[in-house]
Amino acid sequence: MNDIKFNDLGLNNEILKSIDAMGFEEPSQIQAEVIPVLLAGNDAIGQAQTGTGKTLAFGAPILNMLDTSIKAVKAIILTPTRELAIQVNDEIARIAKFSRVKLLPVYGGQPIDRQIRALRSGIDIVVGTPGRILDLIRRNVLHLENIQFLVLDEADEMLNMGFIDDIEEIIKNSN
Ligand code: AMP
């Protein structure tokens, strides 16, 4: 047990309110360690068992730092599977409950037209699998000029699945 409280980490009130509404009483170890590092503007690599709160560890600081005055996609979160994309999207949407941020999960197997229409409606954070994200970039519907944050969730798993070329191309497009 550590004595660090969510209030100590530098998160804004909207996010603290959602965390409270989610019923979380104290930050997990990876949250306590990673959130201040990200809020200070650093990059981070985190390694922790599944179910230890990694999503909030990167999701809360991104929401905290997102410049919502810019109407464009500002964060991309890559996940190895469609299930994880949905799960991460839902978790971050819960953390964003009191913030004005729009998220969109994108993955293969779902009609791309719907995702294109949704993207055009103004999305702040896209969560998706590398292949579909790349497809949307190549179709010129997902623009990366304003990207502030790129997350590789379960990076080891994505590399095992052979997504390295897709990820490298996405990174190349992001700067
Ligand atoms: P994750 O590792 O991000 O998949 O999170 C695993 C589960 O733990 C999810 O259901 C989260 O909503 C929950 N969770 C995340 N952070 C905390 C926390 N600080 N206290 C209790 N539960 C949490």
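Read the numbers this way: they start at 1 and go in the same order the structure lists the ligands and their atoms. Here the structure is a predicted model, which means the values were calculated and not measured.
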Going by the atom numbers of ligand 1, which of them fall below 4.0 Å from some non-hydrogen atom of [X]?
X	answer
S28	19 (N)
G51	2 (O), 6 (C)
K54	1 (P), 2 (O), 3 (O)
F6	19 (N)
T55	1 (P), 3 (O), 4 (O)
E26	18 (C), 19 (N), 20 (N)

Is there a side-chain contact between Q110 and R82 (heavy atoms, below 4.5 Å)?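 In short, these two side chains do not touch, never coming nearer than 4.5 Å.
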Determine whether T129 and T79 make a side-chain contact, defined as any pair of heavy atoms from C-beta on separated by less than 4.5 Å.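 Heavy-atom side-chain distance check passes, below 4.5 Å.
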How far is [atom] from its nearest protein heavy atom, and which residue and atom name does that atom have?
atom	result
atom 14 (N) of ligand 1	F24 CZ, 3.3 Å
atom 16 (N) of ligand 1	Q31 NE2, 2.8 Å
atom 12 (O) of ligand 1	E91 OE2, 2.9 Å

Among I170, L159, L78, side-chain contact (heavy atoms from CB on, under 4.5 Å) partner for L152: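 For L152, the side-chain contact (heavy atoms from CB on, under 4.5 Å) check succeeds only for L78.
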Just do the side-chain contact (heavy atoms from CB on, under 4.5 Å) check on Q115 and L119 with the steps written out, would you? CA-CA 6 Å; Q115 295 172 355; L119 271 174; 5.6 Å; no
Can you list everything that forms a salt bridge (Lys or Arg N to Asp or Glu O under 4.0 Å) with E169? Sequence neighbours excluded, please.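 With sequence neighbours excluded, E169 shows a salt bridge (Lys or Arg N to Asp or Glu O under 4.0 Å) to R138, given in chain and number order.
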Tell me every residue that passes salt bridge (Lys or Arg N to Asp or Glu O under 4.0 Å) with R114, counting only those two or more places apart in sequence or in another chain.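 R114: no salt bridge (Lys or Arg N to Asp or Glu O under 4.0 Å) contacts found.
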Backbone or side-chain N or O of G53 under 3.5 Å from ligand 1 N or O: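 Yes: some nitrogen or oxygen of G53 is under 3.5 Å from one in ligand 1.
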Under 3.5 Å between some N or O of ligand 1 and some N or O of T50?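 No - when backbone and side-chain N and O of T50 are compared with those of ligand 1, no distance drops under 3.5 Å.
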Quick one: look at T52 and ligand 1, take heavy-atom pairs under 4.0 Å, and tell me if it's side chain, backbone, both or neither.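 The answer is the backbone of T52.
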Where's the contact between M22 and ligand 1, heavy-atom distance under 4.0 Å: side chain, backbone, both or neither?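 Answer for M22: neither.
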Could you please spell out the steps behind the salt bridge (charged side-chain N to carboxylate O under 4.0 Å, His left out) verdict for E91 and R94? CA-CA 5 Å; E91 175 89 350; R94 287 167 77 202; 3.3 Å; yes
Verify the contact flag for atom 23 (C) of ligand 1, where contact means a protein heavy atom under 4.0 Å away.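 True for atom 23 (C) of ligand 1.
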Check whether the side chains of Q87 and E83 place a donor and an acceptor atom closer than 3.5 Å, and report yes or no.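 No, E83 and Q87 have no side-chain donor paired with an acceptor closer than 3.5 Å.
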Verdict with supporting geometry, F149 and M65, side-chain contact (heavy atoms from CB on, under 4.5 Å): CA-CA 9 Å; F149 305 100; M65 293 186 283; 3.6 Å; yes
